[in-house]
Amino acid sequence: MYAVVLLVCCSWVALLCPSVQAYENLALKKSAWQSSTWRSYTAERAVDGRYTDLWWNGGQCAGSVERKTAEWWVDLGGVKYIHHVFIQYATGNWVWDENNDYTGYFLGFSVYISNTTNKEDGVLCFRDTSYTRATIPNPVNITCPYHGRYVIYYNNRTHPPYPEGYSKYVYIELCEVEVYGCPTPGRYGENCSLLCPENCHCDVIGKTCVECVPGYKGHLCYEECAGHTYGLECKQSCGNCSGGVECDHVTGSCPKGCDAGLYGDKCDFECGGHTYGLGCNQSCGNCSGGVQCDHVTGICPNGCVAGMSGDKCDLECGGHTYGLECKQSCGNCSGGVQCDHVTGSCPKGCDAGLYGDKCDLECDGHTYGLGCNQSCGNCSGGVQCDHVTGICPNGCVAGMSGDKCDLECGGHTYGLECKQSCGNCSGGVQCDHVTGICPKGCDAGLYGDKCDLECDGHTYGLGCNQSCGNCSGGVQCDHVTGICPNGCVAGMSGDKCDLECGGHTYGLGCKQSCGNCSGGVQCDLVTGICPNGCVAGMSGEKCDLECAGRTYGVECKQSCGNCSGGVQCDHVTGNCPNGCDAGMYGDRCDLECGGHTYGLGCKQSCGNCSGGVQCDLVTGICPNGCVAGMSGEKCDLECAGRTYGVECKQSCGNCSGGVQCDHVTGNCPNGCDAGMYGDRCDLACDSYTYGVECKEVCGNCSNGIPCHHVDGSCPSGCDAGAYGATCKQSCGNCSTGEPCHHVDGSCPSGCVAGAYGVTCKESCGNCSNGDTCNDVDGSCPYGCDVGVYGKTCDKACQSGRYGLSCAKDCGQNCQGCNRFNGVCEFGCHPGWTGTFCEKKSNYVFRYFL
């Protein structure tokens with residue numbers, strides 16, 4: 001509803017004196033705000049349409065707290081074309097003159113129009129610099145022919161001194177603010193019925209462009225922004241569009257993407273997130289300190305992290321170097337392979353004679369060879385052998401020979417350098433290689449290291465190797481025969497007392513049973529002790545105790561494997577009763593998992609470790625990362641989160657429905673989002689196509705430029721004769737053949753004769769006397785021609801009617817008349833005749849049964 005405001009011209013009101021105008025109060029009951037509020041007197045009270053009571057607490061005025069500044073605004077709900085502003089300030093319901101205290105609060109006020117809530121972003125309509133308490137009007141009307149969304153009232157007392165009569169503080173105290181103008185954008189004139197020029201914010205009094213819409217310039221806003229500018233008043237500069245082409249004159253977006261190193265619709269953002277190059281699609285290398293590489297070239301400004309080289313830090317150290325700037329040399333890695341480019345560690349171990357992660361330490365501790373796993377011989381003086389060959393540098397200890405001092409003396413020699421000869425050993429056997437002692441004794445009757453002494457000390461026989469029996473009382477046996485003169489001690493029997501208890505017995509009279517002696521031999525005939533130890537799994541002097549303390553086997557010297565839960569293995573076989581700890585297998589749990597397995601029972605399979613290496617036998621973790629497409633410590637997770645490739649560092653393209661691309665290749669399984677193509681959906685449609693699979697062809701875009709690759713919209717509008725979002729619709733029959741509106745197809749000056757509708761595509765019906773129909777709704781101004789009716793005169797007369805607009809009834813005796821002239825062309829009812837069946841017939845019809 002429009003409100004009519006009478007603006008009274010007074011000689012002392014210098015704000016405006018227009019004639020009566022008809023504009024709508026755009027502020028009525030709109031959202032409002034004020035810088036402070038006194039009790040319940042909110043900002044909305046100044047736009048509630050009530051101001052019959054001008055007392056500050058009468059319930060019809062907005063009120064604020066005492067302050068040095070006071071600000072109030074109303075939101076018109078959108079950018080509107082404003083003609084003038086009406087302000088009714090509070091009076092206290094007293095006479096408005098210099099004695100009214102409210103005048104002092106009102107003095108010095110300003111009114112702004114803005115598209116934001118910040119007055120500094122808008123235009124100043126009025127600022128009081130000359131009124132006094134005696135001359136300031138109330139109410140006041142302010143001509144303000146601008147466009148904007150917010151009308152802002154402002155007053156302050158922040159910069160004293162002020163003129164006489166000004167209050168020390170300011171209050172809002174607004175009883176009503178009415179903002180009059182055209183409610184529909186693009187309209188002007190007294191009744192807001194005239195259209196502004198296209199692309200123009202004209203004022204509401206005359207057809208004058210106060211400002212062009214973004215993207216246009218010139219007196220009547222017909223010129224598009226050029227010279228790499230865009231936006232409001234063409235004051236914004238285009239970004240770095242690819243190939244230096246012009247950006248969109250309205251939005252600033254670049255039609256063909258950005259120069260290398262830039263991104264964003266307007267190409268005004270440098271690549272970040274460790275990317276660079278065209279489309280920011282290339283990833284930076286490993287720059288030192290994790291800093292961003294050059295957004296255009298990808299070069300690292302401060303060098304590379306350890307292990308990387310090249311301007312872009314994308315090359316691993318080679319040539320047997322590693323570390324920062326690849327300045328450190330690798331050690332002696334096995335097979336001469338490259339060491340780890342970061343740490344210098346050797347991936348497959350060291351050459352013979354070296355050890356350590358970097359293979360830069362020589363074998364020591366009397367070891368040599370591959371992995372320092374071979375022990376040195378008996379080098380003279382206990383010195384270290386050669387770390388590669390194992391050769392002793394200063395010869396061997398006594399009794400040893402050979403380069404590595406690992407051969408005992410032979411050929412009946414012994415001692416240093418094997419230069420001493422053995423004595424007369426029994427059977428001619430080799431003497432001890434170190435001491436020269438005969439291992440099997442001497443000829444019969446002789447003894448001593450060199451077999452040159454006769455037997456004594458309770459021995460007899462060959463080499464004095466036969467001991468006298470255990471003669472009773474410890475007397476010497478016969479040195480030749482060994483017979484005991486006074487019988488045997490306990491555990492022995494026979495003439496020579498040289499027969500031990502048998503049948504696994506011992507002690508006096510051989511009456512006690514033995515334990516589990518090794519090999520089933522007889523135990524000590526006196527004590528029961530097993531002379532050669534126990535059978536596997538037993539311990540103790542008498543071999544009557546099972547192995548314990550996680551040992552098993554002969555003499556309980558073998559350690560149990562990694563039995564599950566740390567339990568004791570079988571004391572004889574070493575088998576684990578409840579299986580193995582994680583990472584081990586075999587009956588004795590002494591074998592590490594292999595064949596790309598790990599965990600309990602080696603039943604878990606490794607992930608896809610880089611280079612096919614074995615994962616950690618317990619945890620399954622891959623030591624050198626994963627193959628392409630896999631992630632996680634165990635390399636058992638496919639790339640997700642729209643990534644793929646090595647370390648999942650490559651981003652998927654625009655796959656249809658936002659689904660995950662193939663984790664290895666990056667290919668999209670179900671095709672691409674609209675506007676994209678290629679196996680990885682990383683290429684935008686080109687060659688004037690758009691949409692899903694780039695199958696849609698662009699419409700008639702202005703100047704033949706390509707449409708938007710996703711929705712087919714034309715960035716610079718349509719060619720003449722086309723309209724719509726994709727410029728695929730053809731204009732109707734516009735008056736004087738002028739182009740239709742490029743968005744909705746409407747004809748700015750109406751339709752040619754014979755056409756009607758918003759797009760002038762509808763044809764007029766049969767109007768009376770051949771008149772032209774209304775070009776908006778197709779109605780005929782003077783009714784329809786004969787034989788037709790309806791709002792657009794395009795319907796044939798209904799049965800029983802004829803004439804202009806089908807206004808006449810056929811004759812009542814007619815069986816169906818002509819819709820144009822009423823002639824009963826289908827005959828008359830029985831008993832009637834004539835052109836219109838208006839005459840009675842003289843014929844009598846009889847029916848015979």
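This one's a predicted model, so the numbers in the text were calculated from it and none came from an experiment.
- The environment of CG in Asp357 is sparse: at most 12 heavy-atom neighbours from other residues, nucleotides or ligands sit within 6.0 Å.
- Between Cys405 and Cys396, a gap of under 2.5 Å is found separating the two SG atoms.
- Taking Tyr355 as the reference, nothing meets the ring-ring contact (aromatic ring centres under 6.0 Å, His included) condition, with sequence neighbours excluded.
- Contact detail for Thr459 and Cys468: the closest heavy-atom pair is N-SG, 3.9 Å.
- Asn465 places a side-chain N or O within 3.5 Å of a backbone atom of Lys440 that can act as its donor or acceptor partner.
- Not counting sequence neighbours, Glu362 has no partner by the salt bridge (charged side-chain N to carboxylate O under 4.0 Å, His left out) test.
- Shortest non-hydrogen contact noted between Asp570 and Thr573 is OD1-N, 2.9 Å.
- Listed for the Arg680 side chain is no donor-acceptor partner under 3.5 Å among the backbone atoms of Asn654.
- Shortest non-hydrogen contact noted between Gln522 and Cys514 is NE2-SG, 3.3 Å.
- Panel note: side chain Thr597, backbone Gly594; a donor-acceptor pair is recorded below 3.5 Å.
- For the two cysteine residues Cys280 and Cys271, the thiol sulfurs sit under 2.5 Å apart.
- Between the Ser539 side chain and the Leu545 main chain, a donor and an acceptor come within less than 3.5 Å of each other.
- The line from CD of Gln558 to CZ of Arg550 is 14.0 Å long, rounded to the nearest 0.5 Å.
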Original post:
Can Tyr322 and Lys358 be said to form a side chain to side chain contact (heavy atoms under 4.5 Å, CB included), step by step?
Top reply: CA-CA 11 Å; Tyr322 74 95; Lys358 300 175 182 176; 3.5 Å; yes
Original post:
Where do Lys557 and Tyr552 land on the side chain to side chain contact (heavy atoms under 4.5 Å, CB included) test, with the steps shown first?
Top reply: CA-CA 7 Å; Lys557 287 186 176 180; Tyr552 76 99; over 6 Å; no
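- Side chain of Glu546 to main chain of Met538: no donor-acceptor pair is present (N/O by atom type, distance under 3.5 Å, no hydrogens or angles).
- A donor-acceptor distance shorter than 3.5 angstrom exists from the side chain of Gln476 to the backbone of His458, with no hydrogens or angles considered.
- Applying the 6.0 Å contact sphere to CG of Asp544 captures more than 12 heavy atoms from other residues, nucleotides or ligands.
- Between atom OG of residue Ser288 and atom CD of residue Glu325 there is a gap of 9.0 Å, rounded to the nearest 0.5 Å.
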**OP:** Apply the test side chain to side chain contact (heavy atoms under 4.5 Å, CB included) to residues Leu683 and Tyr677: give CA-CA distance (whole Å), side-chain angles for both, the deciding distance (0.1 Å), then the verdict.
**Re:** CA-CA 5 Å; Leu683 303 173; Tyr677 75 100; 3.5 Å; yes
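- Nearest heavy atoms, Pro531 versus Asp524: CD-N, 4.1 Å.
- Between Leu370 and Asp351, the closest heavy-atom pair is CD2-C, 4.1 Å.
- No more than 12 heavy atoms of other residues, nucleotides or ligands shown are found within 6.0 angstrom of NE2 on His479.
- Residues Cys317 and Gly323 come closest through the heavy atom pair SG-O, 3.8 Å.
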**OP:** Any chance you could lay out the side chain to side chain contact (heavy atoms under 4.5 Å, CB included) test for Leu361 and Leu354, step after step, and finish with the verdict?
**Re:** CA-CA 5 Å; Leu361 302 174; Leu354 281 302; 5.7 Å; no
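- Here the side chain of Ser401 pairs a donor or acceptor atom with the backbone of Leu407 at under 3.5 angstrom.
- How far SG of Cys635 is from CD of Glu633: 9.5 Å, rounded to the nearest 0.5 Å.
- Per the SG-SG cut-off, Cys293 and Cys300 are not bridged by a disulfide [distance not under 2.5 Å].
- Checked against side-chain contact (heavy atoms from CB on, under 4.5 Å), Cys672 has the following partners two or more places apart in sequence or in another chain: Met676, Cys681.
- If you check the gamma sulfurs of Cys655 and Cys668, they are less than 2.5 Å from each other.
- Leu416 contributes atom CG, which lies 12.5 Å from atom CE of Met400 (distance to the nearest 0.5 angstrom).
- Distance alone, capped at 3.5 Å, is enough to place a donor-acceptor pair between the Thr643 side chain and the Ala640 backbone.
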